[in-house]
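The structure appears right after this line, and notes come after that.
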Amino acid sequence: MLKIGVAGKGGTGKTTLSSLIILSLLRENEKPVLAIDADPNSNLAENLGIPQTKSLVEIIDEIEKVKNNLPYGIEKSKYLEIKIQEAIREENGFDLLVMGKTEGPGCYCYANNLLREWMEKIEKNYKFVVMDNEAGMEHISRRTSGNLDILFIVSLCDKISLRTAESISRMIGTLKLNIKKTYLVVNEFRGENIKSETKISLPVAFTIPFDNEIYKLLEEGKGILNLSKDSPAFKSVRKFFNCYLQTGKT
Ligand SMILES: Nc1ncnc2c1ncn2[C@@H]1O[C@H](COP(=O)(O)OP(=O)(O)OP(=O)(O)O)[C@@H](O)[C@H]1O
Ligand SMILES: [Mg+2]
């Protein structure tokens, strides 16, 4: 299993990149993929163009309500397993798991621990795990094992966005995460000279051009899974993964 995470400043294109990675893997027949929406304001389903699912946190809330009142004859651990399984939405070649909001009035330590244990177990069933994150990264260590094979930090071309990407990378370095490779991905790229914009220490994996087809699809309420093979954004991401899958190197 190869686990890929996507991080970056708000609105830079994290969810779009996550969808493009999922699409590239599916089109290369690199299945099954587990797509994890770890942003509390979940919109990966919408971005991909599939129906929204019940989140894991919503399901854990439901379990909490009935945990001392389980149907007769069902063991608690079995019941948890069955209910939690409901959080997985099966699509063609991939599954989607939406984590949901944990900032409600209750204590979510229980939920977070349960999530972490369960996720570590199910992730092993997939060839790739692609995780879309919220703008901060702190929750990654709270909610998951924190292991990633590749982390993409997305940035636009402007100085502020690039500097934020660098500081996210530094901040990640201070967390207890085990990340094998961290890359910068420059989104909505129009041929600017990135290195002259600001000091960048992160290696650039690839750039993604602004793509009208993405804009149109999302305007029409369709998702990135419907993107054509000629889409320039899709081509950029596919090229990187083709190379990665062929050589095992990036
Ligand atoms: N390369 C691109 N070409 C065209 N539109 C794009 C591109 N990248 C992102 N967008 C659009 O920009 C908007 C923001 O992108 P996205 O939702 O992926 O950002 P995000 O980093 O996930 O945001 P948030 O921090 O709110 O989660 C979306 O409407 C998306 O469709
Ligand atoms: Mg997003």
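Hydrogens, waters and symmetry mates play no part in the numbers below; they use all other heavy atoms, side chains included.
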For the backbone of [Y] and the side chain of [X], can you confirm whether one donor and one acceptor N or O come within less than 3.5 Å of each other?
X    : Y    : result
D132 : S18  : no
S236 : T207 : yes
S155 : S161 : yes
Q52  : N43  : no

Thinking salt bridges, do [X] and [Y] make one under a 4.0 Å N-O criterion?
X    : Y    : value
R190 : E192 : no
K83  : E86  : yes
K101 : E58  : no

Report summary line: Tested for side-chain contact (heavy atoms from CB on, under 4.5 Å) against L156, the lone hit among T12, V186, T164 is T12
Query raised in the report: When the ring planes of F206 and F240 are compared, do they come out parallel, tilted or perpendicular, using 30° and 60° as the limits?
Result: tilted
Query raised in the report: Would I172 and V204 show up in the same hydrophobic cluster when neighbours are defined by side-chain heavy atoms closer than 4.5 Å?
Result: yes
Query - Side-chain heavy-atom pair V129, M1 within 4.5 angstrom cut-off - result: yes
Query raised in the report: So do the side chains of L245 and E30 get within less than 4.5 Å of each other, counting heavy atoms only?
Result: yes
